[in-house]
Amino acid sequence: MGSVNVFAQRSDSTSSGIRSKRINKTPQIKVNIPTYKPKYNLGFIQYSDVISNTKVAPTTQTKQDKILSVLKVYPNPVDDQVNLMLRLDRESNLSVKIMDLLGNEVVTLSNERISSGEQTKSYTIPNRLNPGIYFLKIVAGSETVVKRISVL
């Protein structure tokens, strides 16, 4: 049989001329952070929190101030005409605009004063509008509702 050459390796610890410093103690960061205590325990509200929060909630105020409710925009995708079913709580100016994806105004469909109540409006889509995705921006008073429409 032939002779086999075997190369020996030195261990890394003996060959390394770099001395490392061993840290026995981990550094401690000293900060005053209060521990987290959940306000509610497993879904139960504490009685003291219920008593302290008996003020009038602002959500009830905004519900009363709401003028515009857009009930339905149909058909979607739109071909040549779009119908808009909406409800106004009081008479106001209504503006209906078509915006592109960047938020630029493309077409103003309507800018009129309409009476309160539930109404259905129909608007003709101009032929110059390229097929794609647009946004219908409906503004009544200071409220704005944006709906997405696809134009064929």
Side-chain angles (χ1 to χ4, degrees), residues 11-13 15-16 18-152:
S11 65
D12 290 339
S13 60
S15 67
S16 173
I18 302 172
R19 297 186 123 196
S20 61
K21 184 178 180 183
R22 186 173 179 98
I23 299 175
N24 293 331
K25 186 177 175 185
T26 57
Q28 298 292 321
I29 300 172
K30 296 179 181 177
V31 179
N32 286 334
I33 297 176
T35 57
Y36 173 72
K37 293 179 185 174
K39 191 168 187 173
Y40 305 116
N41 187 12
L42 298 175
F44 296 104
I45 302 173
Q46 295 176 353
Y47 184 71
S48 61
D49 289 343
V50 173
I51 297 300
S52 66
N53 291 332
T54 55
K55 299 174 189 170
V56 176
T59 55
T60 57
Q61 291 280 22
T62 56
K63 287 273 187 193
Q64 293 172 353
D65 292 346
K66 187 171 182 178
I67 302 170
L68 174 67
S69 299
V70 176
L71 303 175
K72 197 172 187 182
V73 176
Y74 63 95
N76 201 2
V78 177
D79 190 18
D80 59 344
Q81 187 175 10
V82 64
N83 299 317
L84 179 64
M85 185 187 285
L86 54 92
R87 179 178 35 235
L88 290 174
D89 290 344
R90 61 178 180 254
E91 183 181 359
S92 65
N93 290 329
L94 179 73
S95 169
V96 180
K97 298 178 182 181
I98 294 179
M99 317 288 277
D100 64 5
L101 289 173
L102 297 175
N104 301 320
E105 181 183 325
V106 179
V107 176
T108 300
L109 297 176
S110 166
N111 195 5
E112 60 185 327
R113 184 147 187 96
I114 61 172
S115 60
S116 63
E118 198 168 300
Q119 300 185 20
T120 302
K121 297 284 189 178
S122 296
Y123 303 107
T124 304
I125 303 295
N127 291 336
R128 61 185 169 94
L129 214 58
N130 293 330
I133 296 173
Y134 294 91
F135 293 107
L136 201 61
K137 183 178 178 184
I138 304 133
V139 180
S142 61
E143 289 183 41
T144 303
V145 175
V146 178
K147 296 286 186 179
R148 192 185 85 158
I149 59 170
S150 298
V151 176
L152 298 177

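In this chain, numbering begins with 1 at the start of the sequence shown.
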Sorted by chain and number, sequence neighbours left out, side-chain hydrogen bond (donor to acceptor under 3.5 Å, both in side chains) with N93 holds for R113
Would you list the atom pairs, donor with acceptor, under 3.5 Å between side chains in residues 120-133 and any protein atom, with sequence neighbours excluded?
{"unit_1": "S122", "atom_1": "OG", "unit_2": "N83", "atom_2": "OD1", "d": "2.7"}

V139: what forms a side chain to side chain contact (heavy atoms under 4.5 Å, CB included) with it, not counting sequence neighbours? S95, K137, T144
Looking at V106 and M99, what are the two nearest heavy atoms and their distance? CG2-C, 4.1 Å
Mind checking side chain to side chain contact (heavy atoms under 4.5 Å, CB included) for D79 and listing every partner two or more places apart, or none if nothing turns up? L152
Who pairs with R148 by salt bridge (charged side-chain N to carboxylate O under 4.0 Å, His left out), at least two apart in sequence or on another chain? none
With heavy-atom distances below 4.5 Å as the criterion, would you say the side chains of I114 and E91 are in contact? no
Taking side-chain hydrogen bond (donor to acceptor under 3.5 Å, both in side chains) as the test, write out the residues that go with S110, two or more places apart. E112
Contacts of D100 that satisfy side-chain hydrogen bond (donor to acceptor under 3.5 Å, both in side chains) - sequence neighbours left out: N104
Non-neighbouring partners of S115 that pass side-chain hydrogen bond (donor to acceptor under 3.5 Å, both in side chains), sequence neighbours left out: Q119
Tell me, please, which residues at least two apart from K97 pass salt bridge (charged side-chain N to carboxylate O under 4.0 Å, His left out). E105
Do S150 and N76 have side-chain heavy atoms sitting under 4.5 Å apart? yes
